[in-house]
Structures are given as structure tokens and as C-alpha cells.
Amino acid sequence: MKTDIGEYIVGGYLKLIKQCDFVDYNVRMPGGGLKGLSELDVVGLDFKTKTAYLCEVTTHIRGLLYGNNQMTVEKIKQKHEVQKEYAELLLKDFPNRVYMFWSPYVPEGYITTELGKIETLQLVINKDYTHCIEEMRKFAAENTNDLGNPFLRVLQILEHLR
């Protein structure tokens, strides 16, 4: 599966701001079959702190929604369970695990309230998402070297326009 620009945004954040040593995209569960159909959008590993970042990314710019509000929350919960299963199965050497859900626009109300109840899932949505973009823009404005990520390169170009 092709890497979505939203996934590059998250990968850029993990590499630049969280200083992950390794970032991968569209990571599939091992073993094939139905489990092999599940994927993690972005995985970042920080070898210094033994921290794994497991990220679900949904870039719906008109608002997060899968069918209806309840279906949306259930789908995100299911994806979070895949994140935890993947970490337990393959990331035993990373005791620090951060499970994240990234989306630029999630309508305030039922969805944000219900997702906020998932204690093990860090939400990077709405204003928090925007704040992360601003952090990367600032870095991009101060640096000209290739950062190895298409989104970060676009930010650099935009920040260096004359």
C-alpha cells in the first residue's frame, strides 16, 4: 500500500521532534491470513530510550467519520487493539510504548469524548495536530539539509520561499 501524506506527516514528527532512530510505514502484522491484513500506519523506534511509537493516522480533512459516530469510535478502538497486539508480539525490547491516534479534524462531541476515555491512546487531533505541524514548520524554517521525508521537504521549501 502506498504511504499517504498524512502518514509522512506523522513519520516526520516522530523523526524530527521525537528523534526516533527508525520510522516505518504501513507495517503489517506477521503471519499472513486475516491478521496479516491489519496494519499499523506508522511505527517509530527510539533506541536510546527504548520507546516505540505506534500510530494510527486518519487524514479526513472534512472530519473523521466511518459510517456514524459509534462505528467510528469502534473502528479506532479496534485499531488500537492491533497496536497493542503488535507491540506485545514484536516489541518486547521496547518497554516504553506510546500508542497514538492522529487526525487533523475530529468533530468535537461524541467521538472526541469517547476516544478521550481510552486511557492508553494518545490523541493528536485538532489543535494538538496543528501544534505538531507548527513545531515541524519552525524546524523546517531553520534547516536546509534534506531531512529524508517528503512532507518535511515540502515544509522546508514553503518556509524558504522568497
- Under the side-chain contact (heavy atoms from CB on, under 4.5 Å) rule, what do L65 and H60 come out as? Steps first, then yes or no, please. CA-CA 8 Å; L65 192 64; H60 297 176; 5.7 Å; no

With rounding to the nearest 0.5 Å, note down the distance linking [atom1] in [X] to [atom2] in [Y].
X	Y	atom1	atom2	answer
K2	N26	NZ	CG	11.5 Å
T130	Y105	OG1	OH	12.5 Å
N96	L45	CG	CG	12.0 Å
H160	T144	NE2	OG1	6.0 Å
L155	E134	CG	CD	9.5 Å
L115	L123	CG	CG	5.5 Å

Identify whether [X] and [Y] are in the same connected component of the hydrophobic contact network (ILVMFWY, side-chain heavy atoms under 4.5 Å).
X	Y	value
V23	W102	yes
Y25	L152	yes
V10	V106	no
L16	I9	yes
M100	F22	no

Does some side-chain heavy atom of [Y] sit less than 4.5 Å from a side-chain heavy atom of [X]?
X	Y	value
Y110	N68	no
E81	Q78	no
T120	R97	no
F139	L147	yes

- Message: Take a 6.0 Å sphere around CD1 of I157 and say whether it holds more than 12 heavy atoms from other residues, nucleotides or ligands.
- Response: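 Yes, enclosed.
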
- More than 12 heavy atoms of other residues, nucleotides or ligands under 6.0 Å from CZ of R137: is that the case?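 Counting neighbours around CZ of R137, 12 or fewer heavy atoms of other residues, nucleotides or ligands fall under 6.0 Å, so no.
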
Salt-bridged, [X] to [Y], with N to O below 4.0 Å?
X	Y	result
D21	K48	yes
K18	E135	no
K138	E142	yes

- Message: Please evaluate residues K50 and D93 with respect to the criterion salt bridge (Lys or Arg N to Asp or Glu O under 4.0 Å), reporting the C-alpha separation (whole Å), side-chain torsions for both, the decisive distance (0.1 Å), and the verdict.
- Response: CA-CA 7 Å; K50 296 287 187 190; D93 292 339; 5.9 Å; no

- Validation row, ring centre F101 to ring centre H80 under 6.0 Å: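 When the ring centroids of F101 and H80 are compared, they turn out to be at least 6.0 Å apart.
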
- Message: Any donor-acceptor pair under 3.5 Å linking the side-chain atoms of E108 with those of N126?
- Response: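 A pair is found: one side chain offers a donor N or O, the other an acceptor, under 3.5 Å apart.
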
Looking at [Y], is its backbone amide N or carbonyl O close enough to the side chain of [X] to form a donor-acceptor pair, meaning the two atoms are under 3.5 Å apart?
X	Y	result
S103	T58	yes
E159	A140	no
N149	Y8	yes
Q156	N143	yes

Give the minimum heavy-atom separation between [X] and [Y], together with the two atoms involved.
X	Y	result
E39	D41	OE2-OD1, 3.4 Å
F94	D46	CE2-O, 3.8 Å
P107	T112	O-CG2, 3.5 Å
M136	I17	CG-CG1, 4.2 Å

- Message: Quick one, I111 with I76, criterion side-chain contact (heavy atoms from CB on, under 4.5 Å). Give me CA distance, side-chain angles, the key distance, then yes/no.
- Response: CA-CA 10 Å; I111 295 173; I76 302 306; over 6 Å; no

